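Heavy-atom basis, side chains included; hydrogens, waters and symmetry copies ignored. These numbers come from a predicted model, not from an experiment.
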2 protein chains.
Amino acid sequence: MTTPTRDHVLAAAVRLYAEHGFRGTTTRRIAEEAGVNEVTLFRQFGSKTALLLEALRSHEMFSRGANALPDAPVDPLAELTAFATGMRKALHGTRATIRKAMAEFEENPEMPRCMTHGAAAIHAAVQSYFEKLGALGYISDTKSIPAAKAMLMSAIFHDALHRDIDPHSFPQPAAGAPAIYARLCLQSLGFQPVAARRPRTAKRRVS
Amino acid sequence: MTTPTRDHVLAAAVRLYAEHGFRGTTTRRIAEEAGVNEVTLFRQFGSKTALLLEALRSHEMFSRGANALPDAPVDPLAELTAFATGMRKALHGTRATIRKAMAEFEENPEMPRCMTHGAAAIHAAVQSYFEKLGALGYISDTKSIPAAKAMLMSAIFHDALHRDIDPHSFPQPAAGAPAIYARLCLQSLGFQPVAARRPRTAKRRVS
DNA sequence: AGCAGATGCAAGTGGGTACTTGCATATAAC
DNA sequence: GTTATATGCAAGTACCCACTTGCATCTGCT
């Protein structure tokens, strides 16, 4: 199997997994979806479980780079909103896969772990960004940074993962939710749009 | 089948569902777990799907009354913390069931709906409580109530549902997280422990 | 062209599953 | 005790599934 075909199989597997879950993704289905013979899957991957684990590992859960936070904060609300918007979009696009993998925790604990890979780096990036906000005087409650970061990520994750199941529990419209989460997160940290250390032209108050 | 036995079957079904998911919960397993004959399940419930749906519907996802918010706020931080603590505990205790049901969204959409039943009432109760806080002058940003409420619920839900999968993404220790979420939520609403309308003995500042 | 390796085809193995059927036994009500 | 109903037992039906096997064909390289 050439690499393009191998990738083709892995992509087919993830698509089916998102729709049908682990047990519902049969090797016959994968073979048909990928346009290969069923026996080829076993020759190449050894077992259905190994195939699906490799497929999940190769599937990018967290889009990197798309909406990284800047090294130097310039407009915190806009920057955090852009970050939250990108995060939510990425997670939303792969929500069915995530739900299926999380549900496998008891019987195939490697699967949810594929979903959380990369989360630590993003948490660290947000932490770092908030610390810079603190250093620049944008926020007053720096002790709450870890907690506010966790709450922001939870809001984004929960919104991306479950809004289609329970739409009324989330701020409407969906496209405006990231901005709301970003704003409230900054508010909870005692945000002030004027960097205390660097007097600037007066800006309209946030509230 | 007497009602106690019927309940016994439903409880066995939910236990197995939490562990093995929909497909992995076989009728043979349910029969064994409940101590009845497999054919009895079909006589009483008609099909495996109907049995499991009834089991999920009868399973209380949101414990009512355990930690209801008071009609008249007295100590908002303590009250919201108690609420968050109770909510998180209830959801945490049934997290595996919720995960399994959410993962069935594509193929058995009735199942996640069993999980969200009752959520609206809780959201309304929190909304009402926050509005009272606003009326009493405890919070200054009443326009953000719906958003803050949603963020608080997301934090609790996400913590309860996924902490065992990805412990490092949540505030430590777990027992202290509800208080943190409650505090940050109130902070984001511009909370002041002294009710502006009712001067009281000065209290220590929150931050 | 020849050769080695990869892939396809078709059939099969050895399990598993939701559900049904016919008869026997148990239980509850009168 | 009798009768009606519920449940258990055992076997069966008609599928489903991951995986294997033997042979044929295809592909890429020399």
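Residue A:Thr25 is classed as a sugar-phosphate contact, given heavy-atom separations below 4.0 Å to backbone atoms only. No engagement by B:Arg23 is indicated, since no non-hydrogen atom pair under 4.0 Å with the nucleic acid exists.
Taking the six-membered ring for Trp, A:His158 and A:Phe170 have ring centres closer than 6.0 Å.
Residue B:Thr26 places its side chain closer to C:dT17 than to any other of D:dG8, C:dT17, C:dC19. Out of D:dA18, D:dC9, C:dG8, the shortest distance to the side chain of A:Val36 is found at C:dG8. Here C:dA18 is the nucleotide among C:dG22, D:dC19, C:dA18 with the atom lying nearest to any side-chain atom of B:Glu38. When distances are taken from the side chain of B:Asn37 to each of C:dT20, D:dC9, D:dC19, the shortest belongs to D:dC9.
The existence of a salt bridge linking B:Glu19 and B:Lys100 is excluded, since no basic side-chain nitrogen approaches an acidic carboxylate oxygen closer than 4.0 Å.
Atoms CG (A:Leu41) and C1' (C:dG8) sit 12 Å apart, rounded to a whole Å. Put simply, NZ on A:Lys48 is 17 Å from C1' on D:dT20, counting in whole angstrom units. Going from atom CD of B:Glu32 over to atom P of D:dG8 covers 13 Å, rounded to whole Å. Between the P atom of C:dG8 and the CZ atom of A:Arg43 lies a distance of 8 Å, rounded to the nearest Å. The separation between B:His20 atom NE2 and C:dA18 atom C1' is 17 Å, rounded to whole Å. Following rounding to the nearest Å, B:Ile30 (CD1) and C:dG16 (P) show an atom-to-atom distance of 18 Å. Remark: P of C:dT13 and CZ of A:Phe42 are 17 Å apart, rounded to the nearest angstrom. We find that CZ of B:Arg28 is positioned 15 Å from P of D:dG12, with the value rounded to whole Å.
Ring geometry, A:His162 versus B:Phe157: the interplanar angle exceeds 60°, so the pair is classed perpendicular (tilted spans 30 to 60°).
In this structure, A:Thr27 reaches the D:dA18 phosphate: one of its side-chain N or O atoms is under 4.0 Å from OP1 or OP2. The shortest distance between the side-chain N/O atoms of A:Thr40 and the OP1/OP2 oxygens of C:dG8 is below 4.0 Å.
Here the shortest heavy-atom pairing between B:Leu152 and B:Cys185 reads CB-SG, 3.9 Å.
Projected onto DNA chain D by closest heavy-atom contact, A:Val39 and A:Arg29 fall at different nucleotides, the more 5' of which corresponds to A:Arg29.
Taking the ring centre of A:Phe22 as origin, the terminal cationic atom of A:Lys48 falls inside the region bounded by 6.0 Å and 45° from the ring axis.
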